[in-house]
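Only one structure is covered here, and it is reproduced in the block below.
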Amino acid sequence: MAMKSWMYSVLEAVQHEMQEDPAMTWIFELTPPVASNPGRPVINLETEFGRKRVVNTGIDENWMASAVLGAGLAGSKSATYIPYQGACMPFEVIQNVAGKLRSMTGGKASMPVVWIIEMTGQTPGFGGQHSCYEEDSYYMHIPGVRTVIPSTPYDAKGLMHAAIRSPDPVVYLYPAGLRTLTEDVPDEAYEVPLDKAAVRIEGSDLTIVSSGAGMPVALEAAETLAGEGASVEVIDLRVLKEMDTETIVNSVAKTKRLLTVDQSYYTLCPGAEVIARAVENVDGVKVKRVAFPDAPPPASPEMFLWMRPGPQQVVEAARAIL
Amino acid sequence: MAMKSWMYSVLEAVQHEMQEDPAMTWIFELTPPVASNPGRPVINLETEFGRKRVVNTGIDENWMASAVLGAGLAGSKSATYIPYQGACMPFEVIQNVAGKLRSMTGGKASMPVVWIIEMTGQTPGFGGQHSCYEEDSYYMHIPGVRTVIPSTPYDAKGLMHAAIRSPDPVVYLYPAGLRTLTEDVPDEAYEVPLDKAAVRIEGSDLTIVSSGAGMPVALEAAETLAGEGASVEVIDLRVLKEMDTETIVNSVAKTKRLLTVDQSYYTLCPGAEVIARAVENVDGVKVKRVAFPDAPPPASPEMFLWMRPGPQQVVEAARAIL
Amino acid sequence: MEHDRTIPQWETEDTPVSPARRGFLMLAAASGAAISVGRSAAAFTDVPFAAADLDDDSLIGMYRTILQIRWHERRQADEMLSNPDYRGYNHFYAGQEAVATGVCAALRNSGPREQLDLVYSSHRPSGHAIAKGVDIPKMVAEMDFRATGMNGGYGAEMHISDPDVGFIGADGMIGPAPVIASGSAFAFRARGSDQVAVVFAGDGNYAAPHFHSTLNNAKLLDLPLIYVCENNLYHQYAHYSLSCPHEDIASAAAAYGITAETVDGQDVVQVYNAAKRAVDRARAGNGPTFIEAKTYRYYNHWGAPGAKVGELGAFGYDPLAITHFRPEKELRAWMQRDPVDISRRILADWGVMDAARAAEIEDEVKAEIEAAFEWALSQPLCTPEDGLRHVFAEGTVPARQFG
Amino acid sequence: MEHDRTIPQWETEDTPVSPARRGFLMLAAASGAAISVGRSAAAFTDVPFAAADLDDDSLIGMYRTILQIRWHERRQADEMLSNPDYRGYNHFYAGQEAVATGVCAALRNSGPREQLDLVYSSHRPSGHAIAKGVDIPKMVAEMDFRATGMNGGYGAEMHISDPDVGFIGADGMIGPAPVIASGSAFAFRARGSDQVAVVFAGDGNYAAPHFHSTLNNAKLLDLPLIYVCENNLYHQYAHYSLSCPHEDIASAAAAYGITAETVDGQDVVQVYNAAKRAVDRARAGNGPTFIEAKTYRYYNHWGAPGAKVGELGAFGYDPLAITHFRPEKELRAWMQRDPVDISRRILADWGVMDAARAAEIEDEVKAEIEAAFEWALSQPLCTPEDGLRHVFAEGTVPARQFG
Ligand SMILES: Cc1ncc(C[n+]2csc(CCOP(=O)(O)OP(=O)(O)O)c2C)c(N)n1
Ligand SMILES: Cc1ncc(C[n+]2csc(CCOP(=O)(O)OP(=O)(O)O)c2C)c(N)n1
Ligand SMILES: [Mg+2]
Ligand SMILES: [Mg+2]
């Protein structure tokens, strides 16, 4: 156990699995699989496992994603790190091939593969393709692929272990804005389940549901609201597919108030699904949804920061239904 | 005015626009732009406008979609017909380039382009990639692109005119199962607006919202329910982006009961958005959602037909909230 | 685009000459002529005639495989044309049998999973599947959506798959399969295995952007990948010259520095020899090979129940299905070089089997296929609720169609 | 991968010889040597020396453009290193100026929209933009997110665009731009216009699957497309030999039957001549051209405010920013062949301008750039609510961040 950064936690999991399984491979593009952490040995997958198992070719995210799929079909666990600029380049092969292959083969295709798909840090000033946060919804609609989105280094490591060990293909979304988080993370391998949401704070007046880069925002808002005397339950979806309906419904049945918080575009953001599941199962729920408007993020920090949901907006939206 | 098939109605619109504008182009792959209709002249865009304006190269839907985008940026209206097998091949360029370009250029990029994206006829027996109905959700989450999904030959023609004339890029989803529909369609050009849902049947007890290939199912169910004395309002979304919230909210405010019907996979189907918008705006709504399960469609007709929502399932779901 | 769009060119002068195993055979003389193999063809005199060194059983095995593919299809076509209850469809492979057969004969098709060579097929998979050694009755059952079919009725023709024989399976899409296959090849290299990955792809696949990714990465990483391009001149309604500026698609691969050759896809011996060279190269760690097999399909792009015997557009074996975009004389010229006939003639010439044995084998195959259909069409249909299985490795997903 | 990974090869024997306009110039002698242009280079003696026929103003215009690009960047780097309020970043173009300048000098950059040649840029756009003739002050304002910037502050560096001069604009992605550019070329051909579409793309773009689509369709449809591959040897941290099996990327294009040449990207005259040939070819309906310009960037991949002068990894002009993956001697060797110096020397040799005039022009450019920054950095910031505009041609989208 030690304080670890996000990326160190993740690569620790990958390193462990690659040590356990000499067939496992890793494909990267811009980001060499290297991480360091104060007081810990540097992890460098390329030097540790060699350039046969850890490769970097050209700027072709569709090849990267397809290649790990082919490796998985050949019986080798495999993972790749897709940089955010290429986040949707492999969309078709994940949606149309990987997602359907187990079903189409009547269960014969096994795909122990992980696509780590970076989402931008939503850095103000970049705009458009370099600042968007939208992939959660696209990947979440795909059946046959488990889509997860950790929001803490602990979950990032545990979900990585679970993802690599799973015979199902996993889209592992990584909101790069969370790279600065650190927390106490065990050194040994452990799994965070691929189908469970986490209740981060328990409460009885209002349920806030978020995920990924929305979580720090939701938690900060909850703190403010707690300071005002509201008892807020905060749920981190953690898994977008299969979404953990039970945890949502149990909470909303108790609070009867639901606020979803997304950095994704409003229309069909994950919160839309959360709301729909909640009201299909619980009557008389008051709901509100905070999300990025249905507009590409402009580069200008003035425009962008106004549009991106922050803790203050969440607090105000919560007050409106409390 | 004459009884016209779906494809004849659509190509009539395209032919008209191409006659009006000698710069307009059309790119196709498998489906030659030819349509015939009893008692009407055959429409053949290729022979009428020549192989400079109407082209067919290889099986490369991303090129097709990107090429019309480039044509549009060069000031030529342009459209392409993407067969269903390639429905997500151009996803990235539509999502990441076309959808963002107007915003990223501060309004300077104009893209008078239409991507006709075929969705399968959901023919039983084909399975997987040849029977899926899911693109509505993927394309609907994209900002900056108008996504429409006609469900009648009349709308198909009018939306095509509007799409071609629009300076905004338009994803024009075409559920190929509707190809067998015919109806009275005017010969002259007319527009169906790119931002309005249609109330197909008025009623006061229950609102059913559907779109595309879900519409015949919804209408048949409404008929059965009417026979049982229920006053059902049926809304055809027609436009997925920007979704016409007003029509939905007005209806649900009246009926207080909402049933959504989708052929798309349950998680983040268009109905999820409809439900979320309804309950954000109207209190005390009873909701239900009918959709395809979160599973790739199996080939076996026995399995597939059981999974695909039909009128009977819709009727039963409606009864449960009536 | 200077392609000849009418009939294949018979070029007698540079016909490859096979030093026969137990005699001497001019294939050209036997079969009319070998198809032109283009400038990028390997020099046939430089390489051993691998097929000629095979034992009789293996050679007869190839002949038998060709017949299995052919008779599976004829039998299925009969079913489509006459049995109102039959529901299976197919992208027929008739005319192309020697390609799948020759390639798969050079592969490891049985044994433990971690030693099998893998085959990625196309949307036209039944020939590849049979050649790779799948269980034919189970495949027939799958194609008619039976619960006990090879894939439980989930996949049907365009998605048949049997990893137990290294048949990763069909792929209904144009584009992705070769790239994915290169990933399997990458895994073999990474884990130090001598397995090879083979992908069958049509001329239509050339234009897909994935073509570049596949070849570029195969070359850069020296992958044990064999790309078998079945150039049957058409993709659906379009001649390949509409989508490809090369006369030989193999030259596109050669540009990457990949060993590339064109072979007569009607001649199983030529195909086998090329495949054997490619497999040896890949197993030795010497990287990818691109094989363009010039071939032709006899039937329409696709056939399904409901067509009527003798009607234009039907896919009947006789009369021929000829639609406007494929000139009748082109089809007839290709049928003169039928892979069944050519393989039979070669084996006869090599003294491997006589006419009587050839006929006997054909009868055995017919009976085998007949039995496969009988078994398959008596199998149970699927259970509706099973549609919720096999989304993930474990469990089922919830039904949602009832609201 | 047999690429030389250390320094560019100076090959004196096959140096192209330019018959001078008003004298005779051995570029090799003047500049140390021209870079090797590889086997696929056009035979320079066969073609007219287009640049030599240009009038003095045009030649001086190129020199001025090169300086504008250079000084815009130096000025911006100063801003980044010293002004705590400055927020703009850049993918610096220093070292590559002759490429954009030479290419755009051969294009139609003003006039009615339907006659302009179109330029698609990369993620490294400021050089292309200036060469195509955008308003520099507005560009500078855009790069610092000003409301009155070229794109209203929505785009910033990676998405600058000005269709009024035919600058379709920057593209932050690797892959799509060339394919889209081919679509513009398709539109020109379809409407019978003699416009041409040009795309600038780095060596990194070679590996993208879109590369194949672009070249294949450009060839098949004979499109008026000019693909300018700026091979600066690296994409981010990777040498191009990691992603490309060709020594000359141009040979990949030649394989499609596309006219392809490599030029010395440091020499604006060579670049202009190649571009002029390509433009003439395209306007005459003779299809696409691929130009590979061998070049080099001096700075890091990218620079932004916050770096410190002289620190390793900073992008300062002097001392050099040299990180481990680019050998220092490689960078120094390339800097010996600076595009500013080369263009100045050529114009001097041709008698177009003397040293005094050259210095005068440089001072004019510096002053112009200074004024651009002064204007730009006094412009207003954006209004937050405007973020809801320009999603569609009309109207705004609703705010959703407040619930
Ligand atoms: C991405 C994609 N686009 C379109 C199709 C439709 N399609 C199915 S088969 C085919 C033609 C394939 O031709 P070719 O590769 O030459 O194989 P052949 O049918 O000749 O065996 C096409 C276009 C598809 N399956 N996938
Ligand atoms: C699809 C995609 N993947 C990754 C990136 C990240 N990226 C930005 S620039 C770059 C390198 C480009 O290299 P090159 O094309 O040689 O141009 P250069 O930077 O050398 O001018 C990469 C990988 C991107 N922009 N788009
Ligand atoms: Mg073909
Ligand atoms: Mg580069």
Does a side chain donor of either [X] or [Y] reach within less than 3.5 Å of an acceptor in the other side chain?
| X | Y | value |
| --- | --- | --- |
| C/Glu230 | C/Tyr93 | yes |
| B/Thr255 | B/Thr207 | yes |
| C/His128 | C/Tyr120 | no |
| C/Glu385 | C/Thr383 | no |
| B/Ser264 | B/Asp136 | yes |

Could you have a look at [options] and say which one has the most heavy-atom pairs with chain C under 4.5 angstrom?
| options | answer |
| --- | --- |
| B/Gly128, B/Cys269, B/Pro301 | B/Pro301 |
| B/Gly58, B/Pro293, B/Ala317 | B/Pro293 |
| B/Pro298, B/Ala299, B/Pro309 | B/Ala299 |
| B/Gly310, B/Pro296, B/Ser300 | B/Ser300 |
| B/Lys288, B/Glu316, B/Met307, B/Arg289 | B/Met307 |
| B/Asp262, B/Asn62, B/Thr260, B/Thr57 | B/Thr57 |

_Part of B/Phe126 within contact of chain C (heavy atom distance under 4.5 Å)_ =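 Both parts, heavy atoms under 4.5 Å.
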*asked:* Does any backbone or side-chain atom of B/Gln85 lie under 4.5 Å from a heavy atom of chain C? Answer side chain, backbone, both or neither.
replied: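 Both backbone and side chain.
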Contact part of [X] toward chain B, heavy-atom cut-off under 4.5 Å: side chain, backbone, both or neither?
| X | result |
| --- | --- |
| C/Glu142 | neither |
| C/His390 | neither |
| C/Tyr89 | side chain |

*Heavy-atom pairs under 4.5 Å with chain B are the metric here; pick the option from C/Gly172, C/Pro176, C/Gly175 that has the most.*
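With the most close heavy-atom pairs to chain B, the winner is C/Gly172.
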*Give the member of C/Gln236, C/His210, C/Glu157, C/Arg389 that has the highest number of heavy-atom pairs under 4.5 Å with chain B.*
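Of C/Gln236, C/His210, C/Glu157, C/Arg389, C/Gln236 has the most heavy-atom pairs under 4.5 Å with chain B.
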*So, B/Tyr133 side chain and B/Ala213 main chain: donor-acceptor pair closer than 3.5 Å or not?*
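A pair under 3.5 Å: yes.
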_Check for me whether C/Arg297 meets the cation-pi criterion with C/Phe92, that is, NZ or CZ under 6.0 Å from the six-membered ring centre and within 45 degrees of the ring axis._
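So C/Arg297 doesn't make the cation-pi contact.
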*asked:* Do the side chains of C/Glu73 and C/Arg124 get close enough for a salt bridge, i.e. N-O under 4.0 angstrom?
replied: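 No, this pair does not count.
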_For C/Tyr299 and C/His91, I'd like to know if the aromatic rings sit close, meaning centre-to-centre distance below 6.0 Å._
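Ring centroids of C/Tyr299 and C/His91 are no less than 6.0 Å from each other.
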